Amino acid sequence: MSGNVDRRVRRTRQAIQRALVELILERGYEPVTVTDLIARADVGRSTFYAHYSDKQAVLFSALEEMAFLRAAPRHGGPPFSFSLPMLEHVREQRRLVRALLGRRGGRVVMAYGESLLEDVVRDELLARGARPGATLDLAVTCVAGAFMALVRKWVDEELRATPAELDAVFRASVAPGVLAALEVPGQS
């Protein structure tokens, strides 16, 4: 019986998340209400609140589903090699990413996505020998901001390129300057 319960819970949560994505694509994040989510997902109010506390909780659970934002840093290869796998995942999940991180996603969404990515970047730079401090914090902000801006423009179809092309330009643009500023070798 617990397998059926787990399946029902998963289906309900997916229906609510899917409703959020559809509504964000139609209206943007800010105007969407819990009542809108309930109506679109075709669930009862008590069912919604059994799974989520508010629309932001739905949003964060949808972002958690985007596991590519938690990619393990690759310390042994070229700098910021998380980029290509993330971009390939974005291409596979383009509709979801456009809703959550595109121009209609809202500031809360971008801030949360950037925070997840900042953790990945910071971990990689520390593993490469960067010292904690203000310079590292600035570099992390620059790298995460540049990557998220690139993804946002790509999913909003302001840029036309393959994941490999985006990756090459991103890493060539940010890696040399960041590694030099942090006095970190380019290869480990």
Side-chain angles (χ1 to χ4, degrees), residues 1-74 81-123 144-145 147-164 166-167 170:
M1 181 88 163
S2 72
N4 289 338
V5 171
D6 292 343
R7 248 191 316 262
R8 281 190 302 228
V9 166
R10 191 170 47 251
R11 274 196 307 264
T12 300
R13 291 178 67 84
Q14 287 172 342
I16 295 168
Q17 288 175 356
R18 192 169 38 255
L20 179 64
V21 168
E22 291 169 359
L23 289 165
I24 290 172
L25 287 169
E26 290 172 17
R27 306 181 202 167
Y29 175 73
E30 301 302 330
V32 175
T33 66
V34 168
T35 301
D36 297 331
L37 291 171
I38 289 167
R40 180 66 61 97
D42 195 23
V43 298
R45 186 166 292 279
S46 61
T47 299
F48 176 89
Y49 285 111
H51 295 277
Y52 298 105
S53 58
D54 55 21
K55 78 174 184 176
Q56 188 169 316
V58 179
L59 170 68
F60 289 166
S61 73
L63 283 167
E64 289 293 325
E65 299 283 322
M66 294 168 38
F68 75 92
L69 286 174
R70 292 202 184 275
R74 299 173 184 204
S81 59
F82 66 80
S83 171
L84 183 58
M86 284 187 180
L87 291 165
E88 288 170 340
H89 188 79
V90 167
R91 180 177 56 193
E92 293 168 10
Q93 300 291 323
R94 191 173 203 106
R95 184 170 183 262
L96 174 63
V97 176
R98 180 182 298 135
L100 298 177
L101 300 179
R103 76 174 78 90
R104 303 208 51 141
R107 283 173 289 191
V108 172
V109 183
M110 281 305 297
Y112 189 73
E114 281 188 31
S115 173
L116 293 174
L117 185 59
E118 285 172 353
D119 291 343
V120 171
V121 172
R122 180 173 283 103
D123 288 348
F147 187 80
M148 295 300 280
L150 188 68
V151 168
R152 188 173 43 251
K153 284 187 170 275
W154 188 44
V155 299
D156 283 338
E157 298 179 344
E158 294 175 36
L159 298 174
R160 298 223 184 269
T162 67
L166 292 168
D167 170 66
F170 167 73

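What you see is a predicted model; the values in this text were computed from it and never measured. No hydrogens, no waters, no symmetry mates; every other heavy atom, side chains included, goes into these values. Along the sequence shown, the residues carry numbers beginning at 1.
To the nearest 0.5 Å, the span separating CG on Leu37 from CG on Asp42 amounts to 13.0 Å. Going from atom CZ of Arg11 over to atom CG of Asp6 covers 11.0 Å, rounded to the nearest 0.5 Å. Taken from CG in Leu87 to CZ in Phe82, the straight-line distance is 9.0 Å, to the nearest 0.5 Å. Expressed to the nearest 0.5 Å, how far CD1 of Ile24 lies from CD of Glu22 amounts to 11.0 Å.
A donor-acceptor distance shorter than 3.5 angstrom exists from the side chain of Thr12 to the backbone of Arg8, with no hydrogens or angles considered. Without hydrogens or angle criteria, Asp156 side chain to Glu158 main chain gives no donor-acceptor distance under 3.5 Å. Arg45 places no side-chain N or O within 3.5 Å of a backbone atom of Ile38 that could act as its donor or acceptor partner.
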Report task. Test Tyr49 against Val34 for side-chain contact (heavy atoms from CB on, under 4.5 Å), laying out the working first. Result -> CA-CA 10 Å; Tyr49 285 111; Val34 168; 3.5 Å; yes

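Here the side chains of Glu118 and Met148 are not in contact, with every heavy-atom distance at 4.5 Å or above. Residues His51 and Val43 have side chains not in contact (no heavy-atom distance under 4.5 Å, counting atoms from C-beta outward). The closest side-chain heavy-atom distance from Lys55 to Thr33 is not below 4.5 Å. Residues Ile16 and Arg13 have side chains not in contact (no heavy-atom distance under 4.5 Å, counting atoms from C-beta outward). In this structure the side chain of Leu117 reaches within 4.5 angstrom of the side chain of Met86, judged on heavy atoms.
For Ala41 against Ala15, the heavy-atom pair with the smallest separation is CB-O, 3.7 Å.
With Trp154 as the aromatic partner, Arg91 does not meet the cation-pi criteria of under 6.0 angstrom to the ring centre and within 45 degrees of the ring axis.
Below 30°, between 30° and 60°, or above 60°: for Phe147 and Phe170 the angle between ring planes is above 60°, a perpendicular geometry.
Residues satisfying the salt bridge (Lys or Arg N to Asp or Glu O under 4.0 Å) test with Glu88, not counting sequence neighbours, are none. For Ala161, the side chain to side chain contact (heavy atoms under 4.5 Å, CB included) partners two or more places apart in sequence, or in a different chain, are Glu165, Leu166.
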